[in-house]
There are 2 protein chains.
Amino acid sequence: MNEVLADSSRTLADRVFSRLQDDIVRGVIAPGSKVSETDLAGRYGVSRGPLREAIRRLESRKLLEREVHVGTRVASLSFDDLIEIYHVREALEGLAAGLAARLMTAEEVAGLTELLGQHEQQQDLRHDTAYFQREGDLDFHYRIIQGSHNRTLIRMLIGELYHLVRMYRYQFSTVANRPQKALHEHRRIVEAIEARDAEMAELLMRRHISRARENIEQQAQQRSPQ
Amino acid sequence: MNEVLADSSRTLADRVFSRLQDDIVRGVIAPGSKVSETDLAGRYGVSRGPLREAIRRLESRKLLEREVHVGTRVASLSFDDLIEIYHVREALEGLAAGLAARLMTAEEVAGLTELLGQHEQQQDLRHDTAYFQREGDLDFHYRIIQGSHNRTLIRMLIGELYHLVRMYRYQFSTVANRPQKALHEHRRIVEAIEARDAEMAELLMRRHISRARENIEQQAQQRSPQ
DNA sequence: TCAATGCTTATTGTCGACAATGGCGCCAGG
DNA sequence: CCTGGCGCCATTGTCGACAATAAGCATTGA
């Protein structure tokens with residue numbers, strides 16, 4: 001899932017960028033906490049030069065927030081932020097699903113079907129839904145996004161938006177409370193893609209993400225009034 | 001239109017970022033040309049440190065392409081790239097128009113109406129469509145995007161995608177050959193927003209951008225076979 | 001004559017040091 | 001006791017120098 005490249009083939013700044021991003025997304029560095037350049041440079045064994053380049057890139061991905069002459073802090077997602085992101089996801093992944101239904105190769109469709117089978121099997125055998133909820137679900141969406149064959153779309157979703165989604169899941173340790181339903185929706189989306197029904201695939205994907213958003217909105221209402 | 005901030009309030013790296021981005025978008029630096037860090041540093045009167053930070057940020061916006069130990073070159077958009085971008089625009093700006101119809105303040109709607117009136121007047125008085133084609137059209141779209149009140153959406157469209165669109169327009173010195181039609185479509189979109197008809201606004205915006213894409217596809221077919 | 005190899009050189013990658021700005025605590029005055 | 005101003009300090013912003021890599025050229029051998 002992560003673009004793992006040989007360390008030697010990349011530059012120091014690139015490596016510290018990946019590692020720092022991972023630490024932020026996984027919550028190793030607490031959201032909202034202030035990070036000092038000197039500290040980070042020491043932590044990753046790098047000088048401040050490459051580190052600053054990495055910071056700038058993470059800043060444009062909204063994983064870090066910088067204030068001039070004051071410091072950098074890890075982004076802290078609010079529920080409102082997440083709702084916004086899900087609105088964008090609905091539009092973009094709907095597009096992706098439609099394009100995937102039209103453009104996915106037979107191999108890609110087969111791979112997607114196989115992945116879905118694995119998820120359903122895991123679901124049946126043991127009710128350990130942890131994997132599916134945390135990363136498996138994203139695997140499924142990644143495949144379809146890749147299947148759109150639209151590099152701009154892929155970059156915006158996987159390269160930018162999904163890091164925020166993943167960070168949110170770690171931040172709130174979200175337990176998706178509708179795994180069976182989600183899995184069923186995945187099945188129907190795959191069926192539409194297999195049938196090369198672009199409109200149906202788009203519709204189902206939009207609905208799928210829309211329901212996930214509604215689910216989050218309910219959680220937000222339950223938590224905030226307390 | 002551009003986020004013009006007092007130079008003193010920002011850091012050198014930020015300023016060189018803005019200036020470099022502008023020079024790339026406007027074609028002052030030829031697309032596809034290789035740019036040396038030393039040269040750029042000299043050109044903008046900065047050391048290589050801040051310059052590299054700016055480069056990293058422009059790289060993640062796909063305005064620059066970097067190859068390790070080889071160099072950085074200005075991105076050169078292909079027609080295929082642009083078609084991809086327009087597919088994404090269709091999805092995102094459709095969303096924006098729908099949200100704008102629901103969420104725009106009365107003041108924002110009034111401002112949008114006034115802007116449209118200016119465009120129509122310019123169109124009537126003299127057939128100088130240059131302004132409208134180059135920047136006026138974008139002004140209109142900017143307003144609606146801002147009207148969505150979705151910061152993530154605004155960032156993805158105005159902060160990232162639109163720089164590529166603008167670069168394309170300069171690169172191919174596009175003469176939009178359907179300004180009257182576009183203006184008429186703008187009028188209908190505004191009417192839908194004024195009526196707070198979100199579905200209609202989304203539909204009209206999607207169709208508007210879809211037609212612009214078809215227009216580009218035709219141009220591409222005319223040029224490439226030669 | 002051509003190709004392969006080693007060198008040269010320009011460019012990028014990295015680092016440590018210096019300058020500048022903002023926050024924080026201390027002190028004095030009311 | 002509270003509040004405002006002042007100065008110190010930590011942190012960020014910027015710079016110049018050094019190291020490492022890759023492309024281009026010349027040279028040499030077949």
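Note on naming: letters A, B, ... go to the chains in the order of the sequence lines (proteins, then strands), and numbering restarts at 1 for each one.
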Give the C-alpha distance, both sets of side-chain angles, the deciding distance and a yes or no for side chain to side chain donor-acceptor pair (under 3.5 Å) between B/Asp14 and B/Thr11.
CA-CA 5 Å; B/Asp14 288 336; B/Thr11 177; 5.2 Å; no
Decide yes or no on side chain to side chain donor-acceptor pair (under 3.5 Å) for B/Ser18 and B/Arg10, but give the supporting numbers first.
CA-CA 11 Å; B/Ser18 297; B/Arg10 302 190 305 172; 3.3 Å; yes
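With no hydrogens or angles considered, a side-chain donor-acceptor pair links A/His149 and A/Glu108 at under 3.5 Å.
Every residue two or more places apart in sequence or in another chain was checked for a ring pair (Phe, Tyr, Trp, His ring centres under 6.0 Å) with B/Tyr44, and none qualifies.
Between A/His186 and A/His141, the angle of the ring planes goes over 60°, which puts this pair in the perpendicular group of the 30/60° scheme.
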Summary of protein contacts for nucleotides 7-21 of chain C, nucleotide by nucleotide, where a base hit scores B, a sugar-phosphate-only hit scores S (4.0 Å, heavy atoms)
-----BBBB-B---S
